[in-house]
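Note sheet for the following structure.
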Amino acid sequence: MPGPTDPLLAWYASRARRLPWREDPPSDPDLRAYRTLVSEVMLQQTRADTVIEYYTRFLEHFPTVEDLARAPIEEVLKQWAGLGYYGRARHLHAAARAVWARGVFPRTAAELVHLPGLGPYSAGAVASIAFGEAVPAVDGNVRRVVARLTGQDPAPSSGIRQVEAWVRSRIPPDRAGAFNQALMDLGATVCVPRRPRCADCPLARECLARARGIEASVPSSRTRTPRPLEQRVAVIWAKQGAVLVVERPGPGLLAGTWGPPDGPIAAGESPEEEAVRLLAEGFGVRSRAVERLGCVTHAFTHRRWAVDVVRVDARGAPEARGWTRFRFLAPDQARDEVALSRLGRKVLETLEPRRDAPGPSARRRPRPHGGREPGRLT
Ligand code: SF4
């Protein structure tokens with residue numbers, strides 16, 4: 001009786017997702033490893049369809065590990081801008097430098113896992129896909145597929161080792177990369193979290209969860225801890241069509257990225273009061289709040305920000321007090337010239353007219369707090 005490897009690989013041969021990092025794998029193993037590394041780091045926390053555009057642009061800019069290693073981190077962050085979770089870009093840059101200093105990519109998962117930012121999953125993915133090492137690469141998708149195939153939740157403490165043991169028992173030594181990618185694709189496209197499409201599954205005949213009719217409830221969902229919501233304000237100070245943007249100092253969230261200055265709103269303060277204080281304390285400038293342009297939200301892994309955007313009128317020359325660097329740039333320039341964070345983009349978008357905004361003759365009505373209203377540069 002054929003083992004699961006055969007139907008899974010047969011399915012993968014015809015149903016593999018077409019992804020740019022899989023196209024035309026180069027014969028040079030180090031180049032293969034570099035491309036796999038970039039794609040795997042980008043795929044941490046981000047969906048494949050979002051990653052495609054960033055990956056393609058990043059590879060055009062940094063075609064080899066040496067190009068990436070030689071680049072300043074500011075340039076790397078700029079190419080990463082909009083993808084979020086910027087610590088990944090810093091780790092990838094550090095990993096490229098470590099590889100470049102070493103002269104060659106580490107060839108095994110046991111060595112790769114020591115590169116900055118690589119955990120067992122990414123190390124296993126690079127080792128199996130680029131170098132053909134028969135090691136597991138267990139991400140959330142693979143974990144779910146194996147839990148269903150074996151009909152049980154992985155144990156809280158030893159679950160990852162159970163899943164890895166299952167993969168090790170099945171992985172073909174000569175097709176390790178394809179096998180791991182097949183499991184990833186099966187989890188991403190067929191054995192999906194809510195309604196697995198078992199009728200299309202190449203492993204349906206051996207799936208214990210399906211045999212027991214419990215495929216939709218394995219693995220059991222864990223209750224998510226709600227992420228705290230923090231209230232913040234972002235300041236739009238515009239001069240002759242240009243807006244103040246700052247480089248966020250590190251370490252911390254969004255370190256090294258750019259955007260209009262923002263800060264937390266203290267209890268009892270209004271966004272307008274906080275905006276005026278932020279400019280005074282951060283830049284030594286006196287200002288007055290003119291209007292609230294809207295409220296944007298931004299989610300991180302463990303917290304969410306609700307950011308009121310306040311336009312101010314200010315005079316004088318700013319000094320950088322606590323901010324690494326600042327510039328006045330038109331929004332389009334900021335998108336092109338600095339590593340604008342996704343949050344920074346959202347804040348600048350509050351200046352753009354909405355498609356359904358009233359015409360010039362229509363009267364503008366004040367909007368309640370949190371509403372989104374077109375702004376304008378002065
Ligand atoms: S049969 Fe259904 S539950 Fe089992 S692995 Fe396939 S898609 Fe997932």
Side-chain angles (χ1 to χ4, degrees), residues 1-19 21-22 36 39-40 42-52 109 119-129 132-224:
M1 187 172 155
T5 301
D6 298 320
L8 183 61
L9 286 174
W11 172 85
Y12 183 66
S14 59
R15 301 292 174 84
R17 289 178 292 173
R18 292 182 62 97
L19 299 167
W21 45 92
R22 292 178 178 174
T36 309
S39 66
E40 289 300 335
M42 286 188 168
L43 287 164
Q44 295 166 1
Q45 319 266 13
T46 309
R47 292 169 56 90
D49 47 4
T50 303
V51 165
I52 289 172
Y121 163 74
S122 307
V126 175
S128 60
I129 296 169
E133 190 186 9
V135 286
V138 177
D139 66 355
N141 282 333
V142 174
R143 191 181 165 93
R144 180 173 61 256
V145 171
V146 174
R148 286 171 173 169
L149 288 171
T150 56
Q152 57 185 3
D153 277 335
S157 56
S158 58
I160 189 76
R161 287 198 294 282
Q162 288 174 355
V163 176
E164 285 179 350
W166 186 94
V167 175
R168 280 185 199 281
S169 72
R170 308 295 180 107
I171 194 165
D174 57 339
R175 302 290 311 281
F179 184 82
N180 279 338
Q181 290 179 97
L183 277 177
M184 293 172 201
D185 279 20
L186 191 70
T189 63
V190 175
C191 194
V192 292
R194 292 208 176 163
R195 288 191 191 149
R197 304 205 328 264
C198 302
D200 299 328
C201 179
L203 303 181
R205 290 177 63 184
E206 68 155 299
C207 178
L208 292 181
R210 187 180 189 226
R212 295 170 189 162
I214 55 171
E215 63 270 20
S217 54
V218 174
S220 55
S221 57
R222 284 168 293 164
T223 314
R224 281 199 169 184

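Both counts, for ligands and for their atoms, begin at 1 and track the order of listing. Note that these values count all heavy atoms, side chains included, but never hydrogens, waters or copies made by symmetry.
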Kindly say whether [Y] contributes a backbone atom to a donor-acceptor pair with the side chain of [X] at under 3.5 angstrom?
{"X": "Q181", "Y": "G177", "result": "yes"}
{"X": "R148", "Y": "E215", "result": "yes"}
{"X": "E133", "Y": "A109", "result": "yes"}

Side-chain heavy-atom pair E164, V167 within 4.5 angstrom cut-off:
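Not in contact.
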
Which residue and heavy atom of the protein sit nearest atom 2 (Fe) of ligand 1, plus the separation
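Answer, as residue, atom name and distance: C198 SG, 2.4 Å.
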
Name the closest protein heavy atom to atom 6 (Fe) of ligand 1, giving the residue it belongs to and the distance to 0.1 Å.
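For this ligand atom, the closest protein heavy atom is C201 SG, 2.3 Å.
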
Strictly under 2.8 Å, is atom 6 (Fe) of ligand 1 approached by any N, O or S atom of C207?
no

More than 12 heavy atoms from other groups under 6.0 Å of CZ on R15:
no

Could you list which atoms of ligand 1 come closer than 4.0 Å to a heavy atom of A204?
1 (S)

Looking at E215, which atoms of ligand 1 are within less than 4.0 Å of one of its heavy atoms?
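With E215 as reference, the close atoms of ligand 1 come out as 3 (S).
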
Report the member of C191, G151, P196 with the shortest heavy-atom distance to atom 8 (Fe) of ligand 1.
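Nearest option to atom 8 (Fe) of ligand 1, by heavy atoms: C191.
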
